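Structure record follows, encoded as structure tokens.
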There are 2 protein chains.
Amino acid sequence: MTRERILLAGLALVDEAGLDAVSMRKLARRLGVDPMSLYNHVDGKDALLDGIAEILLAAIPTPPPEADLRGTMSSLAHGFRAAMLDHPRAAPLVLTRRLASMTALAPVEAVLGPLLAAGFPPERAVHGLRAVLAFLTGTLMREVEAAPTFGGSARRLADLSASGLPAVAAAAPYLAVCDHEAEFEFGLRIMLDALGEP
Amino acid sequence: MTRERILLAGLALVDEAGLDAVSMRKLARRLGVDPMSLYNHVDGKDALLDGIAEILLAAIPTPPPEADLRGTMSSLAHGFRAAMLDHPRAAPLVLTRRLASMTALAPVEAVLGPLLAAGFPPERAVHGLRAVLAFLTGTLMREVEAAPTFGGSARRLADLSASGLPAVAAAAPYLAVCDHEAEFEFGLRIMLDALGEP
DNA sequence: ACCTGAACACCGTTCAAGT
DNA sequence: ACCTGAACACCGTTCAAGT
């Protein structure tokens with residue numbers, strides 16, 4: 001019984017059964033242990049979920065140091081996306097909770113470092129980081145089925161056409177499908193373009 | 001006992017006690033009724049939460065018809081934000097669930113209508129809608145304390161300076177505070193600029 | 001048609017007892 | 001130091017019974 005083993009079993013449980021299905025009791029059952037034993041290594045359910053979120057965050061690779069600024073930013077964004085898509089059912093833990101630990105600060109350092117090194121004033125660097133992060137959070141939440149598509153892939157083409165709303169009906173074929181990858185690249189380009197030069 | 005009365009009481013409960021505190025039993029207690037009575041008007045807890053989300057969505061005002069395209073888009077975005085900030089603790093219900101009802105489609109119509117009228121091809125209109133929506137979702141989640149700030153307002157300036165991460169420490173004064181309104185306007189301008197002309 | 005309450009199968013967590 | 005299990009105060013929802 002170690003914290004590590006508990007967190008990994010927790011992640012596996014989320015992957016298999018979804019976030020709603022996670023309970024201390026079920027996790028203990030999976031580990032063949034009394035539910036209360038978990039509390040010796042993890043500070044309650046919330047801390048367990050934070051710990052699982054940190055596993056996802058820690059999987060973001062550091063970009064190659066020889067890349068230029070735009071390449072670095074883009075590779076961090078893609079690494080973030082890949083880490084979330086590796087565990088789509090756990091991703092909302094990262095996208096939805098405020099993590100307090102150092103692990104959560106590492107990606108910030110990875111973004112801010114190159115921006116400052118390139119000559120961005122700290123205030124603008126933080127501003128840019130926040131705008132990009134808002135977009136990433138939003139698209140990934142949608143991609144991972146945790147955010148509204150507002151008439152997105154879940155809905156039937158026929159329903160949209162028959163909605164009685166003229167613009168919705170006219171755009172129905174495009175509302176009914178969503179190429180997440182294309183949406184991601186499209187939005188990321190906008191954000192990185194907007195970042196500009198120092 | 002009507003569905004309407006139940007949903008409004010549910011929203012009031014969320015406003016006062018937060019999402020985690022909502023339970024069918026507590027809501028029934030607040031209404032002076034047996035928990036099971038609620039099931040005669042609402043299809044279970046999930047439907048209750050969907051219904052509350054729809055109350056927020058319905059509060060977005062229709063933009064004045066004489067506005068130009070950019071004005072219309074901007075006013076819808078601001079209306080969306082205002083509706084969420086009116087009920088910050090309930091906002092994650094809108095930002096985080098996929099609503100299936102017609103109410104959820106009305107805002108889509110409100111955005112798509114002007115875009116198509118201005119001559120945008122449907123595919124590009126949907127593309128633009130999705131990018132803007134991703135950004136809105138992300139910023140509002142953060143604003144409403146449901147999304148990561150990654151070293152944002154929750155964290156102490158001193159912690160950031162002492163983190164041992166050089167870029168984080170250098171930008172600490174800006175990471176420690178977040179002007180949500182300014183971030184919102186900054187990002188919205190980027191997205192609306194990127195939308196371009198038909 | 002609507003309300004009721006007992007019952008079922010769950011929760012997270014505290015606490016006292018064990019090794 | 002770690003594990004255990006009984007206990008407490010909750011959940012959402014089913015179902016049979018009432019009016």
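Labels below follow one simple rule: chain letters A, B, ... track the order of the sequence lines, proteins then strands, and each chain is numbered from 1. Values reported hereafter were calculated over all heavy atoms of this structure, with side chains retained and with hydrogens, waters and symmetry mates removed. Just so you know, these numbers come straight off a predicted model, no measurement behind them.
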Roughly how many Å is it from [atom1] in [X] to [atom2] in [N], rounded to a whole number?
{"X": "B/L13", "N": "D/dC11", "atom1": "CG", "atom2": "P", "value": "10 Å"}
{"X": "A/L38", "N": "C/dT13", "atom1": "CG", "atom2": "C1'", "value": "12 Å"}
{"X": "B/L27", "N": "D/dG12", "atom1": "CG", "atom2": "C1'", "value": "13 Å"}
{"X": "A/I6", "N": "D/dC2", "atom1": "CD1", "atom2": "P", "value": "11 Å"}
{"X": "A/D34", "N": "C/dG12", "atom1": "CG", "atom2": "P", "value": "13 Å"}
{"X": "A/L19", "N": "C/dC11", "atom1": "CG", "atom2": "P", "value": "15 Å"}
{"X": "A/M36", "N": "D/dA6", "atom1": "CE", "atom2": "C1'", "value": "11 Å"}
{"X": "B/D20", "N": "C/dG12", "atom1": "CG", "atom2": "P", "value": "13 Å"}

Task: Partners meeting side chain to side chain contact (heavy atoms under 4.5 Å, CB included) with A/H127 (sequence neighbours left out) - done: B/E183, B/F186
Among [options], find the nucleotide with the atom closest to the side chain of [X].
{"X": "A/N40", "options": "C/dC2, D/dA7, D/dC3", "value": "D/dC3"}
{"X": "A/S23", "options": "D/dT4, C/dG5, C/dC11", "value": "C/dC11"}
{"X": "B/K26", "options": "C/dC3, D/dC11, D/dT4", "value": "D/dC11"}
{"X": "A/K45", "options": "C/dG12, C/dT4, D/dT4", "value": "C/dG12"}
{"X": "B/M1", "options": "C/dT4, C/dC3, D/dC11", "value": "C/dC3"}
{"X": "A/R25", "options": "C/dG5, C/dG12, D/dT13", "value": "C/dG12"}
{"X": "A/S37", "options": "D/dT4, C/dC11, C/dG12", "value": "D/dT4"}

Task: Any B/H41 side-chain N or O less than 4.0 Å from OP1/OP2 of C/dC3 - done: yes
Task: Short side-chain N/O contact from A/Y39 to OP1 or OP2 of C/dT13, under 4.0 Å - done: yes
- [ ] Identify whether any heavy atom of B/M24 sits under 4.0 Å from a base atom; if not, whether one sits that close to sugar-phosphate; answer base, sugar-phosphate or nothing.
- [x] sugar-phosphate
Task: Lys/Arg N to Asp/Glu carboxylate O, B/R70 vs B/D193, below 4.0 Å - done: yes
Open item on the list: Distance check, rounded to the nearest 0.5 Å: A/R30 atom CZ versus A/S23 atom OG?
Closed with: 11.5 Å
Open item on the list: With side chain to side chain contact (heavy atoms under 4.5 Å, CB included) as the test, pick out the partner of A/L27 among A/V22, A/L38, A/L7.
Closed with: A/L38
Task: Nearest heavy atoms of B/V42 and B/I6, plus distance in Å - done: CG2-CG2, 4.0 Å
Open item on the list: Under 4.5 Å between side-chain heavy atoms, counting indirect links through other Ile/Leu/Val/Met/Phe/Trp/Tyr residues: same cluster for A/L11 and A/L85 or not?
Closed with: no
TODO: Treating Ile, Leu, Val, Met, Phe, Trp and Tyr as nodes and any side-chain heavy-atom pair under 4.5 angstrom as an edge, say whether A/I60 and A/L136 lie in one connected cluster.
DONE: yes
Task: Main-chain N/O of A/E145 paired with B/R98 side-chain donor or acceptor, under 3.5 Å - done: yes
Open item on the list: Let me check I have this right: for DNA chain D, each base becomes ., (, ), [, ] or |, based on Watson-Crick or G-U pairs with both distances under 3.5 Å. What is the full string?
Closed with: ||.|||||...|||||.||
Open item on the list: For the P atoms, the ones on D/dA9 and on C/dA9, what distance do you get once it is rounded to whole angstrom?
Closed with: 22 Å
